[in-house]
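All remarks here apply to the structure that follows.
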Amino acid sequence: MDLRYLAPDFAVAPQIELEDVAKAAELGFRTLINNRPDDEVPVALQHEAFQAAAEAAGLRYVFLPYEPGLLTQDLVDGFESALEGAEMPVLAWCRSGTRSSHLWALSQAGLRPTEEILQAAAQAGYDHSALLPLLRGKAASRAKFT
């Protein structure tokens, strides 16, 4: 399991295996967020199998599929809701971890400095420079309402 921490209580990973769920619990994770759509994985790695493994390991599980190239406000809102209800720390995954890291970055816009978000992503191996306009827009809109 290739864990990439974006914050002390939040990590992303490329696709994990079912046996990694128990390992995640041993490492102290309390919530799993699966951002990988079922149509990208074999039947054995579809979300129902991960949900069962998470329940067996005593972990909270959220399935929030993010289709490549289809970043929507509903996805960001769903991710924020998942984090609000999450017992920390959280592990999220998709094919490479990129989509999960995008959702985390947008969920943090306006809560953390934009440069801190970009730096955390870069240290984890993700270039989020293309998200900069979205991050700034989200941060500005959040500032108007807080």
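All residue numbers refer to positions in the sequence shown, counting from 1.
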Exercise for the section: Find out whether Ile33 and Leu83 are in side-chain contact, i.e. whether some heavy atom of one side chain is under 4.5 Å from a heavy atom of the other. Expected result: yes
Practice task
For Phe63, check ring-ring contact (aromatic ring centres under 6.0 Å, His included) against everything at least two apart and list the hits.
Solution key: His47
Practice task
Can you sort out the partners of Pro37 under side-chain contact (heavy atoms from CB on, under 4.5 Å), two or more places apart, ordered by chain and number?
Solution key: Asp39, Glu40, Pro65, Glu67, Arg99
Exercise for the section: For Glu87 and Thr31, indicate whether the former's side chain and the latter's backbone hold a donor-acceptor pair under 3.5 Å. Expected result: no
Practice task
Just jot down the side-chain contact (heavy atoms from CB on, under 4.5 Å) partners of Glu84, sequence neighbours excluded, or say none.
Solution key: none
Problem - Residues forming a side-chain contact (heavy atoms from CB on, under 4.5 Å) with Leu18, sequence neighbours excluded - result: Leu45, Ala49, Phe50, Ala53
Completion exercise
Closest heavy-atom pair, Leu59 versus Val21, reported as atoms and distance to 0.1 Å, is CD1-O, 3.8 Å
Problem - Carboxylate-amine/guanidinium proximity below 4.0 Å for Glu55 and Arg60 - result: no
Handout entry: Cluster check Leu27, Tyr61: I/L/V/M/F/W/Y, side chain < 4.5 angstrom
Key = yes
Exercise for the section: Only pairs at least two apart or in different chains count here, so list each side-chain hydrogen bond (donor to acceptor under 3.5 Å, both in side chains) that has a residue in residues 12-28. Expected result: Gln15-Arg36
Completion exercise
What one should report as the nearest heavy-atom pair of His128 and Ala105 is CD2-CB, 3.7 Å
Handout entry: Leu75 side chain near Leu64 side chain, heavy-atom distance below 4.5 Å
Key = yes
Practice task
Among residues two or more places apart or on two chains, list those pairs meeting side-chain hydrogen bond (donor to acceptor under 3.5 Å, both in side chains) that have a residue in residues 106-120.
Solution key: Gln108-Arg112, Arg112-Glu116
Practice task
Mark yes or no for whether Ser141, through its side chain, and Lys138, through its backbone, hold a donor-acceptor pair below 3.5 Å.
Solution key: yes
Practice task
Treating Ile, Leu, Val, Met, Phe, Trp and Tyr as nodes and any side-chain heavy-atom pair under 4.5 angstrom as an edge, say whether Val90 and Leu32 lie in one connected cluster.
Solution key: no
Handout entry: Chi angles and distances behind the side chain to side chain contact (heavy atoms under 4.5 Å, CB included) call for Leu118, Ser129
Key = CA-CA 7 Å; Leu118 293 173; Ser129 58; 5.6 Å; no
Handout entry: Residue pair Asn35 / Trp93, side-chain heavy-atom distance below 4.5 Å
Key = no
Problem - Side-chain H-bond candidate by donor/acceptor type, Thr72 with Asp74, under 3.5 Å - result: no
Problem - Exercise: identify the closest heavy-atom pair between Arg4 and Ser96 - result: NH1-O, 4.1 Å
Handout entry: Hydrophobic cluster membership, Leu111 vs Leu135, 4.5 Å side-chain cutoff
Key = no
Practice task
Assign the ring pair Phe29 / Tyr5 to parallel, tilted or perpendicular, where the plane angle (0 to 90°) is split at 30° and 60°.
Solution key: parallel
